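From a predicted model like this one, the values you see are computed outputs, not experimental measurements. Residue numbers start from 1 in every chain, and the chains themselves are labelled A, B, ... in the order their sequence lines are given, proteins ahead of strands.
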Amino acid sequence: MDQMHQLCAPYGAVLTPLTALSSSTGYNLYENAHDVQPTGVKRYEINDMLQKIMSIVNERLDDAQERKHAFNSHSMQPAFFQVLCEIKEKIAINLRHLPEDEPSDPQLMRLDNMLMAEGVSSSSSTAMNAVNASVNGTSGHGNNVDSDSALDHSDYRAKLAQIRQIYHVELEKYEQHCNDFCSHVVTLLREQSQARPITAREIDRMVDIIRKKFSSIQLQLKQSTCEAVMILRSRFLDARRKRRNFSKTATEVLNEYFYSHLSNPYPSEDAKEELARKCAISVSQVSNWFGNKRIRYKKNIGKTQEEANMYAAKIASQAARQGRSGRESPDY
DNA sequence: TGAAATGATTCGGC
DNA sequence: GCCGAATCATTTCA
């Protein structure tokens with residue numbers, strides 16, 4: 001009887017279900033040890049059975065299998081199963097109180113979106129499109145760097161492809177391990193369901209729990225992949241690292257505009273577009289150039305006077321030439 | 001090789 | 001959203 005108490009102690013109030021066993025199964029466990037149950041099973045047989053259960057973990061697998069078989073075919077097995085059912089009914093976690101579907105992890109969603117945008121977690125063709133868009137589009141520094149950056153871009157693509165490959169290999173490994181572990185647990189629980197009450201829904205629930213635990217590994221993988229992509233991007237696509245001076249012609253065109261509009265060196269949007277077109281750079285580069293020029297002109301107004309005079313003379317001679325040829329000065 | 005020049009970015013103000 | 005100012009990162013030049 002003590003062993004029965006020890007066995008059931010972790011389950012909490014064991015005496016009640018065991019008492020209930022008396023009425024529900026017809027076995028009276030609490031009468032004296034010499035009593036014989038209605039089925040003819042003596043109380044020491046229960047102790048014997050429980051002893052076997054307790055010692056099963058210390059045994060070799062083959063012996064354990066043998067004992068398990070003995071337990072399953074034991075005449076008291078249905079009664080024991082019934083006791084466990086009643087214990088479970090009283091103390092087990094009620095699945096109805098557990099949320100069925102937890103909302104997706106927002107951090108995981110962000111990482112997924114980023115990996116998708118970077119072309120890491122999408123299909124190969126989509127991935128390459130994303131990579132191309134990222135290389136050609138977001139660098140956004142005009143075309144003055146395009147001619148000699150093709151090599152860098154192919155290097156960038158190669159390294160991104162490497163990251164993508166590592167990510168997929170690791171993800172596959174992770175999924176394999178997760179599936180293996182889940183199927184192992186399912187097999188184990190199904191086997192155990194012969195000895196203790198486990199429903200299919202509870203097994204599914206357990207699989208869900210395991211998958212959620214495993215998802216932290218997935219999160220870590222996605223995080224480190226994102227970090228690798230970020231480092232790669234900053235190394236290859238950082239504009240400041242890729243800075244090239246504008247062509248001499250472009251600088252001349254910008255300077256001509258600046259010094260011919262010295263009283264108000266703020267080109268309109270249309271003028272910026274026109275200058276961008278003439279200089280073969282982007283509008284934002286024109287804006288940057290004028291922003292820098294205004295500040296640096298102001299800072300070094302004495303030093304830049306010579307430059308100002310030079311462009312003033314150039315503009316004047318151009319105007320004179322155009323006047324002679326009957327054409328008006330350029331209007332941006 | 002170090003200083004100057006230059007294009008881009010960031011940040012606060014309007 | 002544009003601008004001035006400060007700063008960064010790179011290129012150019014003596």
* So what does A:K272 hit on the nucleic acid, given a heavy-atom distance under 4.0 Å: a base, only sugar-phosphate, or nothing? -> sugar-phosphate

* Structure fact -> Side-chain contact check for A:R296: nearest option of C:dT12, C:dC8, C:dC3 is C:dC8

* To do: Decide whether A:Q218 and A:S215 meet the rule of one side-chain donor and one side-chain acceptor closer than 3.5 Å.
  => no

* Asked: Do A:Y297 and A:F258 have their ring centres less than 6.0 Å from each other?
  -> yes

* Answer with yes or no whether A:N245 presents, from its side chain, a donor or acceptor under 3.5 Å of a partner atom in the base of B:dA5. => no

* Do A:H177 and A:F181 make the cut of ring centroids closer than 6.0 angstrom? -> no

* Asked: Is the backbone of A:P265 close enough, under 3.5 Å, to the side chain of A:R294 for a donor and an acceptor to pair up by distance?
  -> yes

* Structure fact -> From the candidates C:dA5, B:dA8, C:dC3, the one with an atom nearest any side-chain atom of A:N288 is B:dA8

* Asked: Quick one: is C:dG4 close enough that its OP1 or OP2 comes under 4.0 Å of any side-chain N or O from A:R294?
  -> yes

* Which nucleotide sits closest to the side chain of A:E269: C:dC3, B:dG7, C:dC2? -> C:dC2

* Could you please spell out the steps behind the side chain to side chain donor-acceptor pair (under 3.5 Å) verdict for A:D180 and A:Q176? => CA-CA 6 Å; A:D180 286 352; A:Q176 184 64 45; 3.1 Å; yes

* Any idea which of C:dC3, B:dT9, C:dA5 is nearest the A:Y266 side chain? -> C:dC3

* **Spacing between A:K293 atom NZ and B:dT6 atom C1', to the nearest angstrom** => 10 Å

* Asked: Is any side-chain N or O of A:K298 closer than 4.0 Å to OP1 or OP2 of C:dA5?
  -> yes

* To do: Answer yes or no: is there an ion pair linking A:E202 with A:R205, defined by an N-O contact shorter than 4.0 Å?
  => no

* Asked: Can you tell me how far C1' of C:dA6 sits from CG of A:N292, to the nearest Å?
  -> 11 Å

Close N/O contacts between protein and nucleotides 11-14 of chain B (under 3.5 Å):
none

* Report the distance from atom CG of A:L254 to atom P of B:dA5, rounded to the nearest whole Å. => 18 Å

